[in-house]
Structures are given as structure tokens and as C-alpha cells.
Amino acid sequence: MREGIICKALSGFYYVDDGQSVVACRARGKHRHAGLTPLVGDRVRFTPLEDGSGALDELLPRKNEFYRPAVANIDQLVVVASQAAPVTDPFLIDRVAAIAAARGCEILICVNKCDLEPGDSLAGIYEQAGFSTFRVSAETGAGIDALREAISGRVCAFTGNSGVGKSSLLNALERGMRLATGQVSDKLGRGRHTTRHVELFRLSCGTLAADTPGFSSFDVDRMELARKEELQYAFREFAPWLGRCQFQNCAHVKEKGCAVLAAVKAGEIPKTRHQSYVRLYEQAKAIPDWQRKET
């Protein structure tokens with residue numbers, strides 16, 4: 001029995017990279033009966049078969065997992081955004097960042113296409129909130145070296161709305177990589193899905209990087225959220241103000257004597273971040289506990 005990491009899942013096969021080769025494996029029936037779905041990024045044990053394929057025997061414990069994108073054991077989630085077409089709504093970033101925080105996963109914000117639009121206002125929101133934020137251009141190479149250094153040696157997933165240039169960034173990070181890239185529709189102002197499945201690639205800087213299909217606003221609305229009481233902890237810039245509100249069970253939405261609202265008014269917390277929090281809080285409040293997946 002050998003160990004490896006699932007780098008691709010396609011048509012019922014799980015492609016396991018053991019550091020020397022990639023073996024196409026079928027999952028044994030016990031995983032299906034136990035309701036377990038292997039994910040890209042899973043550490044697994046498998047048995048090589050005589051025909052060169054393998055049988056996936058065991059999923060090793062996960063440190064985290066995501067449903068959109070469908071990946072596991074991620075050290076860093078690189079959220080790719082843009083202020084050039086297609087313009088990224090900060091709410092999309094905030095929801096993904098909140099989900100990652102609940103999973104114990106580090107977040108990097110990467111504002112791409114800075115050759116077309118510097119993206120200073122978008123990047124500024126997340127710099128103020130304390131996120132590692134990069135302004136880059138996959139087209140010119142600006143900022144790529146700094147991004148490569150930040151993800152070096154980690155397991156990363158590149159995610160973001162369609163058309164922001166996730167595949168182009170991976171091509172820029174790794175010379176010789178030729179991932180398919182698409183064009184942004186002039187009529188619709190949004191990107192076309194060129195990445196159809198999640199795939200993990202080994203980069204020469206020691207990074208395992210996953211390219212993932214772009215998401216739409218509809219996809220984001222279906223992503224798992226923390227419970228409403230826990231959501232405040234997913235917004236890192238709220239931390240200095242928590243416990244300082246007039247009421248102990250303050251929701252930080254519109255309550256009297258709320259320290260978080262006072263910080264927003266004083267410019268200590270970006271207004272767009274608090275607006276996203278309120279929107280997410282209302283969504284989380286509408287989901288009963290029995291409908292939630294255990295993660």
C-alpha cells in the first residue's frame with residue numbers, strides 16, 4: 001500500500017500523485033457506502049494493481065474541506081479578483097473569506113489585471129482588513145514573483161469569479177504551464193468557464209496549486225456559511241471590538257451601543273466589509289441548524 005495526494009478527480013477515477021508517478025485509482029465501495037466522497041487534495045492510501053491502475057483504500061484525516069471549490073487540506077485559499085472586466089463584487093470575496101476562516105484556512109487576496117486597472121480601491125479594502133494582498137498582472141508579470149514567494153511550499157487553491165484570470169496566473173507562475181484560458185464576454189461583462197474541473201499542479205517553487213472552475217454569484221449564494229453567532233469571528237478586523245459592545249449578545253447589525261458599528265463609523269472597519277457581514281448574517285440566520293452539513 002502506498003500514500004499520495006489526489007491531484008484530479010474525473011469520470012469516476014481519482015488520480016493520485018505519490019511523488020514519483022500519478023496513478024489512476026478507483027475508490028473501493030466502502031467509501032460510497034460510508035457516504036465519503038474523495039476530494040482533490042485528499043491524502044490517501046492506495047494499492048497499485050497489475051494493470052498500472054490502483055485501488056483507493058483509505059482517506060486520511062482532513063484538516064479542512066470545501067464544497068465550492070471541491071478541495072481538501074488547503075493551506076492557503078488564493079482569492080483572485082479584478083477591477084477590470086469582469087469587475088469583482090467585494091461581497092464575493094468576503095463570503096469566500098468568511099468560509100475559509102471557518103475552515104481554519106489562510107486567505108490571500110490577489111487583484112489581477114493591474115495592467116488594465118490598478119485595483120487600488122479593491123486592494124485597499126483588504127489591506128486595511130489585514131489580509132495579505134497582492135496586485136498582479138498575469139499579462140505583464142508584475143507582482144508575480146512576490147505572489148510566488150508567498151505561496152512557496154504550500155498547498156493552495158486559486159478561486160474567484162469566472163474571467164478574473166486564475167489559469168492565466170498559474171501559467172505566469174510556472175513557465176511551461178499551458179492551462180487553457182478564456183476571454184471575457186464584451187456583451188455580458190463576465191468570463192466564460194474554461195476550467196471544468198479542479199486539478200492540483202506541482203510548481204517548481206514547491207507549491208501544490210489547484211486551478212478551480214470560476215464561480216458565479218449563484219454559486220456563492222450556495223456556499224456553506226458559519227452559524228450567525230460564529231460569523232463575527234470570520235471578519236478579522238472585528239476582533240479588537242468584540243466584547244466591547246453595550247449588550248453581550250450584540251449581532252453588530254444595528255444594535256445600540258455596538259462597538260463594531262462605532263468602528264465602522266470611525267473608518268476603522270471598511271464599510272463594504274461590514275455591509276458584507278450584515279448580508280451574510282441575514283443569510284446565515286435564515287438557515288436552520290438541521291439543514292447544515294457537518295464539516
Side-chain angles (χ1 to χ4, degrees), residues 69 74-101 105-152 154 156-173 181 184 189-191 205 207 209-212 214-217 220 223 234-241 260 263-280:
I74 299 300
D75 297 324
Q76 295 174 324
L77 204 58
V78 181
V79 184
V80 184
S82 170
Q83 279 199 295
V87 176
T88 301
D89 181 348
F91 176 70
L92 303 184
I93 303 173
D94 295 336
R95 180 152 187 158
V96 173
I99 293 165
C105 182
E106 184 181 338
I107 282 282
L108 273 68
I109 308 298
C110 183
V111 182
N112 191 25
K113 304 189 179 184
C114 289
D115 54 311
L116 302 176
E117 165 56 54
D120 292 339
S121 60
L122 186 62
I125 293 170
Y126 298 98
E127 289 169 341
Q128 183 180 353
F131 289 94
S132 295
T133 305
F134 298 84
R135 298 169 176 83
V136 305
S137 169
E139 183 68 25
T140 68
I144 294 297
D145 288 344
L147 178 61
R148 185 185 295 110
E149 182 177 351
I151 66 173
S152 180
R154 313 297 294 279
C156 303
F158 282 66
T159 188
N161 52 300
S162 300
V164 292
K166 297 179 295 297
S167 299
S168 296
L169 275 179
L170 285 169
N171 287 340
L173 284 164
T181 59
V184 174
R190 62 174 183 258
C205 61
T207 299
D211 190 20
T212 69
F215 57 68
S216 65
S217 298
V220 169
M223 289 177 178
F235 283 72
R236 60 179 66 192
E237 64 270 56
F238 287 15
W241 318 103
V260 170
V264 174
K265 187 175 181 179
E268 300 287 343
I269 296 173
K271 288 183 179 179
T272 63
R273 287 281 286 168
H274 183 257
Q275 289 166 354
S276 292
Y277 167 80
V278 172
R279 188 171 168 185
L280 293 173

Taking all atoms of both residues into account, what is the closest heavy-atom pair of [X] and [Y], and its distance?
X	Y	value
Ala84	Leu116	CB-CB, 3.8 Å
Ser167	Asp211	OG-OD2, 2.7 Å
Leu280	Ala98	CD1-CB, 4.2 Å

Using salt bridge (charged side-chain N to carboxylate O under 4.0 Å, His left out) as the criterion, list what pairs up with [X], not counting sequence neighbours.
X	answer
Arg148	Asp145
Asp120	Arg135
Glu117	none

Working to the nearest 0.5 angstrom, can you tell me the gap between [X] [atom1] and [Y] [atom2]?
X	Y	atom1	atom2	value
Phe158	Leu170	CZ	CG	5.0 Å
Leu169	Lys113	CG	NZ	10.0 Å
Asp89	Arg95	CG	CZ	12.0 Å
Gln128	Ile269	CD	CD1	9.0 Å
Ile144	Glu139	CD1	CD	11.0 Å
Ile125	Thr272	CD1	OG1	3.5 Å

Donor-acceptor contact below 3.5 Å, side chain Lys166 vs main chain Gly160: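 Looks like yes, one N/O pair under 3.5 Å.
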
Side chain to side chain contact (heavy atoms under 4.5 Å, CB included) between Arg273 and Tyr126, intermediate numbers included: CA-CA 9 Å; Arg273 287 281 286 168; Tyr126 298 98; 3.9 Å; yes

Partners meeting side chain to side chain donor-acceptor pair (under 3.5 Å) with Ser276 (sequence neighbours left out):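 Per chain and number, Ser276 pairs via side chain to side chain donor-acceptor pair (under 3.5 Å) with Asp94.
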
Partner set under side chain to side chain donor-acceptor pair (under 3.5 Å) for Thr140, not counting sequence neighbours: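 Residues passing side chain to side chain donor-acceptor pair (under 3.5 Å) with Thr140: Ser137.
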
Steps toward side chain to side chain contact (heavy atoms under 4.5 Å, CB included) verdict (Thr88, Val79): CA-CA 11 Å; Thr88 301; Val79 184; over 6 Å; no

Option from Ile151, Leu77, Val80 for which side chain to side chain contact (heavy atoms under 4.5 Å, CB included) with Leu108 holds: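 When side chain to side chain contact (heavy atoms under 4.5 Å, CB included) is applied between Leu108 and each of Ile151, Leu77, Val80, only Ile151 qualifies.
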
Cys156 side chain near Glu106 side chain, heavy-atom distance below 4.5 Å: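 With C-beta onward as the side chain, the pair stays apart.
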
4.5 Å side-chain heavy-atom contact, Gln275 and Pro90: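 Sidechains of Pro90 and Gln275: no contact.
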
Under the ring pair (Phe, Tyr, Trp, His ring centres under 6.0 Å) test, residues paired with Phe238 that sit two or more places apart: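 For Phe238, the residues satisfying ring pair (Phe, Tyr, Trp, His ring centres under 6.0 Å) (neighbours in sequence not counted) are Phe235, Tyr277.
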
